[in-house]
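Remember, it's 1-based here, ligands and their atoms both numbered in the order they're listed. Keep in mind that what you see is a predicted model, and the values were worked out from it rather than measured.
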Amino acid sequence: MVKFKGVIFDLDGVLCHTDEYHYLAWQQLAQQEGIYFDRLINQRLLGISRSESLEIVLERAGRTYTQAEKIRLAERKNELYRQYLLRMTPADLTTGAEKVLQTLEAAGVKLAVGSSSRNARFILDKLGISSKFQVIIDGNVLQHSKPDKEVFCKALAALHLAADQCLVVEDAVSGIQAAVSAGIKTAGIGKVIEQTAVDYTLHAISDLLPVVLGTGSQRHAFNNLG
Ligand code: G6P
Ligand code: MG
């Protein structure tokens, strides 16, 4: 019997490396505006909405921006970001992710995406994996982005599963906080495993299989809470 009946995947930085494209687009925008920006500041943008990200980028601005200017800046960032997305193909799927999705699907595990991005469906289409997910909750249907639990509560409701039947896979502190606040167990991948406590540590996306299927040993995925 599988250990989790549903898995809710974050998108950027989990199923693909669009987190890097977000960084490059913000960096370009900041440079055009003469605002200092680096990878450390970028870490604070992971998982949060475009408009909230812009507010963080503008903390280093030498002047204040009107609401209309902020809307235009957010649009410009998205235009820069979409230039990268246009070039994406199924080859941009995180290494090992295709096999993970196929294996979980074959085991009858329900799959969802829970992302703050308004570009999520476009990216999933470019990756050729939209049809793998029963549920896609993205930035277009959210009032509040991560660390608010809304995205994961909506995913649970649409999956018809309870919090303790699911697992969230995340690369961002805000996403882990959102999952914890929704009462869902967490699997962290990437830098987040050094930044906050997660229930399962994934060194590669393939480490997810023994965790969800309840096979293998804790050598592959372990609880780093204690
Ligand atoms: C994800 C990313 C964030 C991004 C947000 C909004 O959560 O981790 O870095 O700001 O989506 O993305 P969007 O594609 O709507 O600008
Ligand atoms: Mg992410």
Subject >> Results of side chain to side chain donor-acceptor pair (under 3.5 Å) for Gln27 - residues two or more places apart only >> reply: Tyr23
Subject >> contact_flag Gly139 ligand 1 heavy-atom lt 4.0 Å >> reply: no
Subject >> N-O pairing of Arg72 and Glu75 below 4.0 Å >> reply: yes
Original post:
Is Asp171 close enough that one of its N/O/S atoms sits under 2.8 Å from the Mg ion (ligand 2)?
Top reply: yes
Original post:
Counting heavy atoms only, which part of His22 comes closer than 4.0 Å to ligand 1: side chain, backbone, both or neither?
Top reply: side chain
**OP:** Please report which non-hydrogen protein atom sits nearest to atom 1 (C) of ligand 1, along with the residue it belongs to and the distance in Å to one decimal place.
**Re:** Asp12 OD2, 3.1 Å
Original post:
Non-hydrogen atoms of Ala172 versus ligand 1: any pair closer than 4.0 Å?
Top reply: no
Original post:
How does Leu45 reach ligand 1, if at all, at less than 4.0 Å between non-hydrogen atoms: by side chain, backbone, both, or neither?
Top reply: backbone
Subject >> Of the N, O or S atoms in Asp10, the one nearest the Mg ion (ligand 2) >> reply: OD2
Original post:
Which is the closest N/O/S atom of Asp12 when seen from the Mg ion (ligand 2)?
Top reply: O
Subject >> Nitrogen or oxygen atoms of Ser115 and ligand 1 under 3.5 Å apart >> reply: no
Original post:
Looking at Thr196, Thr186, Val198, which hits side chain to side chain contact (heavy atoms under 4.5 Å, CB included) with Val180?
Top reply: Thr186
Original post:
Taking side chain as C-beta onward, heavy atoms only, is Leu46 less than 4.5 Å from Lys191?
Top reply: no
Subject >> Per-residue contact class, Asp10 against ligand 1 - non-hydrogen pairs under 4.0 Å >> reply: neither
**OP:** Using distance alone, decide if ligand 1 has a nitrogen or oxygen within less than 3.5 Å of any nitrogen or oxygen in Ser117.
**Re:** yes
Original post:
Within less than 2.8 Å of the Mg ion (ligand 2), any N, O or S from Glu170?
Top reply: no
Subject >> Residue pair Glu79 / Arg76, side-chain heavy-atom distance below 4.5 Å >> reply: yes
Original post:
Would you say Asn78 and ligand 1 have an N/O pair spaced under 3.5 Å apart?
Top reply: no
Original post:
Do Asn140 side-chain atoms and Arg118 backbone N/O form a donor-acceptor pair below 3.5 Å?
Top reply: yes
Original post:
Are Asn119 and Asp12 close enough, and set up right, to give a side-chain hydrogen bond (donor to acceptor under 3.5 Å, both in side chains), and what steps lead you there?
Top reply: CA-CA 10 Å; Asn119 292 296; Asp12 302 306; over 6 Å; no
Subject >> salt bridge (charged side-chain N to carboxylate O under 4.0 Å, His left out), paired with Arg44, selected from Glu59, Glu55, Glu52 >> reply: Glu59
